[in-house]
Amino acid sequence: MKRILFIFANIMLCCIWISCSVKNSGSTVSQELGIDADGGSEILNYDTHSGNGDGISCIAMTFRDDNVLQQIDNNSSWKEFPLDKAVETLVYGISNGDSSTGPFLTDNNGKTLVPQILNGYYILIDRQNSDAAILERKSFNLSLGLYDTDTKTLYFCKLDT
């Protein structure tokens, strides 16, 4: 009987350890963007990151209240739309008639992961140590947060190449 209790106790401890070590989308977004996103409802979770760490990921969450917007308003790292050239290129791509660049945050079919946002805020977190401008690099290691104020939707994307 003691042996059965010992085995059962070890199984319970392993289950608790596993459940505590698994992060949900809200806590991942919160940690990466420095805001509390735990109250959101996940509507998209896309990830192509492979064993070597390269890939694209995007989590989208909707919110019922303006708590996230209030946090963004109080965080000087977030910028109000319109997007700067680098972020616009990464998310939607740009074209000048003769050539086009991007988008880089796309699914396997080349479709952009973030729908067109008219009003909102964004934050670009450069995780690469480089003096070169982001669009002039041969590789990317960045995180991006976009908040759509019209739909109360937060997008968190990572690009690692």
- prompt: Are I59 and L44 close enough, and set up right, to give a side-chain contact (heavy atoms from CB on, under 4.5 Å), and what steps lead you there?
  reply: CA-CA 5 Å; I59 298 171; L44 172 70; over 6 Å; no

message: Run D38 and S27 through side-chain contact (heavy atoms from CB on, under 4.5 Å) and show every step you take.
response: CA-CA 6 Å; D38 283 330; S27 61; 3.9 Å; yes

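- Under the 4.5 Å side-chain criterion, counting only non-hydrogen atoms from C-beta, S139 is in contact with T161.
- For W78 against L154, the heavy-atom pair with the smallest separation is CH2-CD1, 3.9 Å.
- Shown here are the side chain to side chain contact (heavy atoms under 4.5 Å, CB included) partners of D150, two or more places apart in sequence or in another chain: L118, N119, D148.
- Considering only residues two or more places apart in sequence or on other chains, D36 meets the salt bridge (charged side-chain N to carboxylate O under 4.0 Å, His left out) condition with none of them.
- The distance from atom OH of Y92 to atom CG of L105, rounded to the nearest 0.5 Å, is 10.0 Å.
- Scored by the side-chain hydrogen bond (donor to acceptor under 3.5 Å, both in side chains) test, D107 finds no partners at all (sequence neighbours excluded).
- Two residues are said to be in side-chain contact when any heavy atoms from C-beta on lie closer than 4.5 Å; L124 and K79 fail this criterion.
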- request: List the steps, then state whether side-chain contact (heavy atoms from CB on, under 4.5 Å) holds for E42 with N45.
  value: CA-CA 7 Å; E42 182 182 294; N45 193 330; 3.3 Å; yes

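- Between atom CG of residue D131 and atom CD of residue Q128 there is a gap of 11.0 Å, rounded to the nearest 0.5 Å.
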task: Mind running salt bridge (Lys or Arg N to Asp or Glu O under 4.0 Å) on D126 and R137 for me, showing each step along the way?
output: CA-CA 12 Å; D126 187 0; R137 299 178 187 166; 2.7 Å; yes

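- Annotation: the span from N75 atom CG to L33 atom CG amounts to 9.5 Å, rounded to 0.5 Å.
- Shown here for T112 and V91, the closest heavy-atom pair between the two residues is OG1-O, 2.7 Å.
- When the side-chain hydrogen bond (donor to acceptor under 3.5 Å, both in side chains) test is applied to S50, the partners found at least two apart in sequence or on another chain are N52.
- In this structure, SG on C58 lies 11.5 Å from CG on L159, to the nearest 0.5 angstrom.
- The side-chain hydrogen bond (donor to acceptor under 3.5 Å, both in side chains) test applied to Y122 returns no partner, not counting sequence neighbours.
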Between side-chain atoms of residues 80-90 and protein atoms elsewhere (two or more places apart, or another chain), which donor-acceptor pairs fall under 3.5 Å?
from, atom 1, to, atom 2, distance (Å)
D84, OD1, A86, N, 3.3
D84, OD1, V87, N, 2.8
T89, OG1, K85, O, 2.7

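- Considering only residues two or more places apart in sequence or on other chains, D66 meets the salt bridge (charged side-chain N to carboxylate O under 4.0 Å, His left out) condition with K152.
- Hydrophobic cluster membership is shared by I125 and M61, with clusters built from Ile, Leu, Val, Met, Phe, Trp and Tyr side chains linked at under 4.5 angstrom.
- When hydrophobic clusters are built by joining Ile, Leu, Val, Met, Phe, Trp and Tyr residues whose side-chain heavy atoms come closer than 4.5 Å, directly or via intermediates, Y121 is not grouped with I117.
- Note: the hydrophobic cluster containing L146 does not contain F63 (ILVMFWY, side chain heavy atoms under 4.5 Å, direct or indirect links).
- Among residues two or more places apart in sequence or in another chain, the side chain to side chain contact (heavy atoms under 4.5 Å, CB included) test is passed with S57 by D47, H49, K158.
- Partners of A133 by side chain to side chain contact (heavy atoms under 4.5 Å, CB included), not counting sequence neighbours, listed by chain and number: E136.
- Cluster annotation: V114 and I134 are assigned to the same hydrophobic cluster (Ile/Leu/Val/Met/Phe/Trp/Tyr, side-chain heavy-atom contacts under 4.5 Å, transitive).
- N96 pairs by the side chain to side chain contact (heavy atoms under 4.5 Å, CB included) definition with D98, S99, not counting sequence neighbours.
- Transitive grouping of hydrophobic side chains (ILVMFWY, heavy atoms separated by less than 4.5 Å) brings L69 and I35 into a common cluster.
- When the side-chain hydrogen bond (donor to acceptor under 3.5 Å, both in side chains) test is applied to N74, no partner is found at least two apart in sequence or on another chain.
- Here ring-ring contact (aromatic ring centres under 6.0 Å, His included) pairs that include residues 129-161, with residues two or more places apart or in two chains, are F104-F140.
- In this structure, SG on C157 lies 6.0 Å from CG on L113, to the nearest 0.5 angstrom.
- To the nearest 0.5 Å, the span separating OG1 on T106 from CG on N108 amounts to 8.0 Å.
- A donor-acceptor pair under 3.5 Å links the side-chain atoms of T153 to the main chain of T151, judged by distance alone.
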